[in-house]
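See structure below.
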Amino acid sequence: MLTCKSFHSCIASKERLLMDYKETLLLPQTDFPMRGNLPQNEPLRYAKWFSKEESAYAKMIQNRENAPKTFILHDGPPYANGHIHIGHALNKILKDVIVKTHYFFGEKVRYVPGWDCHGLPIEQQVEKNLGKEKKDALPKSKIRELCREHARKFIDIQREEFKSLGVIGDWENPYMTMKFKFEADIYRALCGVADKGLLVERSKPVYWSWAARSALAEAEVEYEDKEDYSIFVAFALGDEAKSRLEITGDASVIIWTTTPWTLPANVGISFSPDENYVLTSDGYIVAEPLHVKLLEQGVIAGEVVKTFKASVLENSFAINPLNDRSSQLILGNHVTMDGGSGCVHTAPGHGDDDYKVGLRYGLEVVMPVDERGCYDETVVHLGLLPNPESFVGEHIFKCNERILELLGDRLLKCSKFTHSYPFCWRTHQPVIYRATKQWFVAMDEAVGGRESLRKMAMDELQKVRFYPKSGINRLGSMIENRPDWCISRQRDWGVPIAFFRDKRTGKPIFDAKVVEHIASIFEEKGADAWWDLEIAELLVEDSGYNPENLEKVMDILDVWFDSGSTWKAVLQSNDYDAGEYPASMYLEGSDQHRGWFQSSLLVSTANNGIAPYAKILTHGFTVDEKGEKMSKSKGNVVAPSDVAKQYGVEILRLWVGTSEYTTDLKISDNILKQISEQYRKIRNTFRFLLANVNDLETVMPIAQMGELDKWILKHAKAVFDEAQGYFREYEFSKGFALLNHFIAVELSGIYLDISKDRLYCNAKHDSLRLSAQSAMALIAEKLMALMAPTLTYTIDEMMEYAPSILKKESVFDVVYSVLPTIESSFDEAYMVEAREKFFEIVDNLKKEKVIKSTLELVLQTKSSKISALEKVDAEDWFTVSKVIEHDEAGEMGVFEVAGDSFKILKASKCKCPRCWKYRSKSEEELCHRCNEALHG
RNA sequence: UGUCUCGUAGUUUAAUAGGUUAAAACGGACCCCUUAUAAGGGUUUAAUUUGGGUUCAAUCCCCGGCGGGACGACCA
């Protein structure tokens with residue numbers, strides 16, 4: 001009983017003793033919470049940033065009013081339809097990080113977000129809600145009003161979603177391509193193109209639903225099985241062609257088609273430039289690889305008498321057996337050997353490939369079909385069929401049989417087969433390709449003393465900086481190879497190609513006075529006015545034109561032209577506080593090489609001869625952990641709101657910051673967990689820094705600091721300088737890799753650990769303690785500024801709890817400044833190696849239960865590197881109780897660094913109850929240092 | 001099929017201009033501490049997609065394969 005009692009009292013008194021001394025230590029102190037509770041807390045802070053009273057964006061503008069440099073990020077507009085997905089989140093967060101990077105490096109910044117509002121998907125949504133019949137019955141302006149409402153609704157939704165990601169910008173006054181003034185500016189950009197002589201009209205085939213009497217988008221086409229003819233037709237060679245082949249008798253090219261009704265519009269026959277062609281003994285020309293197959297099918301019967309490349313026939317002629325018109329023999333890469341005869345019936349009015357190859361050879365676009373799908377007067381004018389009058393008004397599908405009859409013995413084989421064919425999604429009738437008049441921006445026209453648009457755009461690209469560099473190849477090859485830009489659409493929801501046409505001549509009117517008057521009407525009433533007002537009302541006074549002779553062009557613009565005009569409507573218009581034209585940077589997903597980057601370049605260059613951007617930055621797409629595309633059916637979709645709810649927006653932002661965004665970005669639960677770990681490490685390291693400098697009043701000059709503190713600052717400077725360089729080049733993952741490494745290895749792993757003794761146990765105003773605190777304050781300050789662009793929320797939260805030495809009103813008052821150059825003779829490589837070797841042995845000692853703490857050890861060495869250090873610095877470096885030069889007994893391990901030997905010994909003194917170093921005379925007595933600290 | 005692009009430990013990223021034994025973090029395994037404690041520290045595990053070529057030397061440059069992605073729309 002007695003022993004038991006004394007045992008308890010002994011423990012109690014020992015605990016009291018420990019507790020008492022713990023009170024005397026200067027332990028880290030802060031209210032900055034270890035855990036962020038991000039999902040709960042972020043929305044509150046964001047609400048403040050986006051409030052009128054404390055607007056973060058307003059503050060950012062105000063704080064940099066007199067900044068010497070300016071950075072303008074011009075926002076590429078997302079489409080105002082649907083909720084945002086992870087790709088949007090990546091895009092907007094990256095923009096936000098880049099804008100803030102420039103901001104925290106001291107520059108003036110502008111970021112005005114915007115939305116793309118016009119276009120088919122919204123129109124389709126409205127039609128779906130309305131029903132097709134109802135839509136057709138409504139006036140255009142009513143439909144447009146419904147589209148406008150739809151867009152507005154999703155702009156509001158997306159705006160809140162973007163703000164919930166902590167993305168800062170001018171959300172109070174964003175741009176929208178459907179605003180009246182904006183529509184007017186898009187139209188003005190179009191007039192600029194016309195004014196330069198680059199706007200031309202030409203026929204081009206489009207999907208046409210004769211049943212709905214409307215052009216269709218690819219999305220409006222459904223594929224169904226359809227039974228069609230499969231026919232082989234012989235076109236006799238002209239004399240020129242025959243002489244090129246050095247033949248005397250008759251010879252014919254065999255074509256294959258499934259649409260006999262397009263034969264009247266035939267103007268050419270395409271051959272493959274690569275394959276061999278053969279002439280058979282029965283006088284037919286087919287591709288060599290198909291010869292046997294055609295024999296088997298009974299299309300031809302003769303053996304090969306001659307083999308040749310089709311290039312010998314290029315630009316000679318065959319004769320269309322239907323109408324005796326010439327059919328030009330040409331070469332085209334679209335010709336394949338997987339069916340038919342290898343000689344392709346070419347009617348540019350009825351096929352896309354045909355149209356493209358026809359452009360190259362300057363073939364005539366013959367298109368004798370009206371909007372109902374019936375032959376029109378063209379068959380008469382051009383004599384496309386025998387007895388043409390009898391075909392006028394007849395539906396094309398009903399004429400197939402008559403045409404087959406007319407072909408007579410030129411029809412070598414006729415059968416029927418079923419294949420997949422495009423159908424109209426509304427009427428479920430088969431669609432056709434039908435050339436209609438379209439508007440184009442000419443790429444190769446050199447008019448008015450200017451180079452062609454293609455050449456100018458290519459030249460401008462050379463001046464643009466691309467991130468990554470490979471972007472220029474992509475955009476460049478697209479500009480180089482793209483055909484003329486077809487900008488007209490037969491739709492309702494868009495900006496009209498608002499030109500008058502003289503009915504008598506068919507010529508459009510581009511007079512400056514006329515078009516500017518229309519633009520000013522749009523500015524006031526919106527582009528709806530084009531549909532709502534009469535020609536006389538739209539025509540400027542004393543225009544010199546008689547409204548009676550005019551008609552309106554009723555096409556609308558390709559929405560790419562809308563977004564291609566944002567540089568004008570946003571940057572040049574003065575309607576927004578958006579910065580200057582050209583912008584510092586355009587930033588979008590890599591799909592925009594063909595989209596916005598290109599359309600903006602073309603519209604801007606056509607108008608003003610310059611690119612609208614100085615830099616282009618592109619990012620990849622988000623994929624799942626296996627690198628596969630996200631899709632609802634795969635169930636691997638990661639929604640930004642879910643990440644925000646489960647992990648917090650900061651985690652999503654850190655994911656952006658640490659990912660290599662030029663390629664595809666992987667995201668998954670597993671990856672987010674990993675990022676969360678990194679965040680935790682960053683947050684806790686900051687917390688420890690704040691807690692340790694909490695009572696620091698002034699920062700000590702670096703020159704007066706202790707050796708260990710100078711070492712970490714010198715190392716920090718190298719890391720921060722390099723990270724800054726990476727951030728300026730937008731290589732965030734590299735910058736973060738450096739910072740994370742520094743935080744984990746040198747800072748938290750070594751420096752903070754070895755500084756604890758000085759910070760906790762030395763007297764409050766002891767210079768070694770102040771020195772360590774000063775180093776920590778400097779590191780915290782720089783680190784906060786470097787991370788502020790990405791972890792804006794966290795740094796802002798930190799500012800609330802920061803001790804006075806680091807405190808700012810908010811994160812937005814932070815500006816990064818570099819650390820000065822620091823002199824230090826500390827041999828880092830040597831010391832780190834020594835530490836590693838030391839801990840390797842220590843680990844074994846611990847596993848063998850020989851020691852529990854390194855403070856139980858003394859290190860013996862004659863190393864000159866160690867003796868050059870202050871004793872206490874050397875002790876702290878290894879976290880041992882003493883470093884000595886003279887040999888002592890009790891060796892527990894040895895190691896060597898660069899020829900210097902180190903010996904690990906057991907400490908002989910007693911554990912100081914306050915600082916736990918083994919330097920006391922007895923377990924109850926304080927060591928010398930602690931005694932001084934408490935009573936000195 | 002064409003144009004462009006990417007491929008490094010299980011995961012996310014490093015490796016100055018082609019140059020020692022390819023680095024770190026997270027994860028895993030093992031251990032210590034309880035004075036950053038829903039923390040901290042240590043030891044350890046593991047990789048250049050594949051086959052050729054150029055070179056004294058290749059993760060890096062060239063060619064071919066395999067695998068991923070973007071673009072080739074009256075889709076944004």
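Heavy-atom basis, side chains included; hydrogens, waters and symmetry copies ignored.
Ring geometry for Tyr586(A) versus Trp596(A): interplanar angle under 30°, hence parallel rather than tilted (30 to 60°). Aromatic ring orientation, Phe440(A) versus Tyr355(A): parallel (interplanar angle below 30°, classes split at 30° and 60°).
Applying the 4.0 Å criterion to OP1 and OP2 of C4(B), one finds that Ser590(A) has every side-chain N and O outside that range.
By the 6.0 Å contact criterion, CG on Asn481(A) is enclosed, its count of non-hydrogen atoms from other residues, nucleotides or ligands being greater than 12. Dense packing is recorded around CD of Glu828(A), with more than 12 heavy atoms of other residues, nucleotides or ligands lying under 6.0 Å away.
As judged by a 4.0 angstrom heavy-atom cut-off over every strand, Val842(A) is placed among residues making no nucleic acid contact. When heavy atoms are screened at a 4.0 angstrom cut-off, Phe32(A) is found touching no nucleic acid atom at all. Residue contacts for Trp560(A): at a heavy-atom cut-off of 4.0 Å it reaches a base atom on one of the strands shown.
If you check U43(B), A73(B), A24(B) against the side chain of Val745(A), the one that comes closest is A24(B). Here U13(B) is the nucleotide among U13(B), A73(B), C26(B) with the atom lying nearest to any side-chain atom of Ala737(A). In the set U43(B), U12(B), C71(B), U43(B) carries the atom at the smallest distance from any side-chain atom of Glu840(A). The side chain of Asn473(A) sits closest to U5(B) out of U5(B), U13(B), A70(B).
In this structure, Phe736(A) places its CZ atom 13 Å from C1' of U13(B), rounding to the nearest Å. Distance CZ (Phe621(A)) to P (A70(B)): 7 Å, rounded to an integer number of Å. The distance from atom NZ of Lys734(A) to atom P of U12(B) is 17 Å, rounded to the nearest whole Å. Rounded to whole Å, the distance from CZ on Phe878(A) to P on C32(B) is 23 Å. We find that CZ of Arg491(A) is positioned 12 Å from C1' of A73(B), with the value rounded to whole Å. Summarising the geometry, the separation between CG on Asp664(A) and C1' on C4(B) is reported as 13 Å, rounded to the nearest angstrom. Note: CZ (Arg653(A)) to C1' (U12(B)) measures 19 Å, nearest angstrom. Spacing between atom CD of Gln678(A) and atom C1' of U11(B) amounts to 11 Å, rounded to whole angstrom units.
A 3.5 Å limit on both hydrogen-bonding distances identifies C66(B) as the Watson-Crick or G-U partner of G7(B). Pairing for C60(B) is absent, judged as Watson-Crick or G-U wobble with the two contacts each under 3.5 Å. Base pairing of A36(B): no nucleotide in any strand meets the Watson-Crick or G-U wobble criterion (both distances under 3.5 Å). Partner assigned to A15(B) is none, using Watson-Crick or G-U wobble distances below 3.5 angstrom. Nucleotide C71(B): paired with G2(B) (Watson-Crick or G-U wobble, both distances less than 3.5 Å).
In this structure, Ile667(A) and Asp624(A) have side chains that are not in contact, with every pair of non-hydrogen atoms separated by 4.5 Å or more.
For the C1' atoms, the distance from A23(B) to G64(B) is 32 Å, rounded to whole Å.
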Self-check item: Nucleotide-resolved protein contact map, nucleotides 33-41 of chain B, B/S/- at heavy-atom distance under 4.0 Å
Solution: SSBBSSSSS
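Taking 4.0 Å as the cut-off between side-chain N and carboxylate O, Glu371(A) and Arg434(A) do not count as a salt-bridged pair.
Paired with Phe736(A) under the rule ring-ring contact (aromatic ring centres under 6.0 Å, His included), one option of Phe742(A), Phe727(A), Trp655(A), Tyr726(A) passes, and it is Phe727(A).
Of the residues in residues 654-663 of chain A, those placing a heavy atom less than 4.0 Å from an atom of RNA chain B are Thr658(A), Ser659(A), Glu660(A), Thr663(A), in numerical order.
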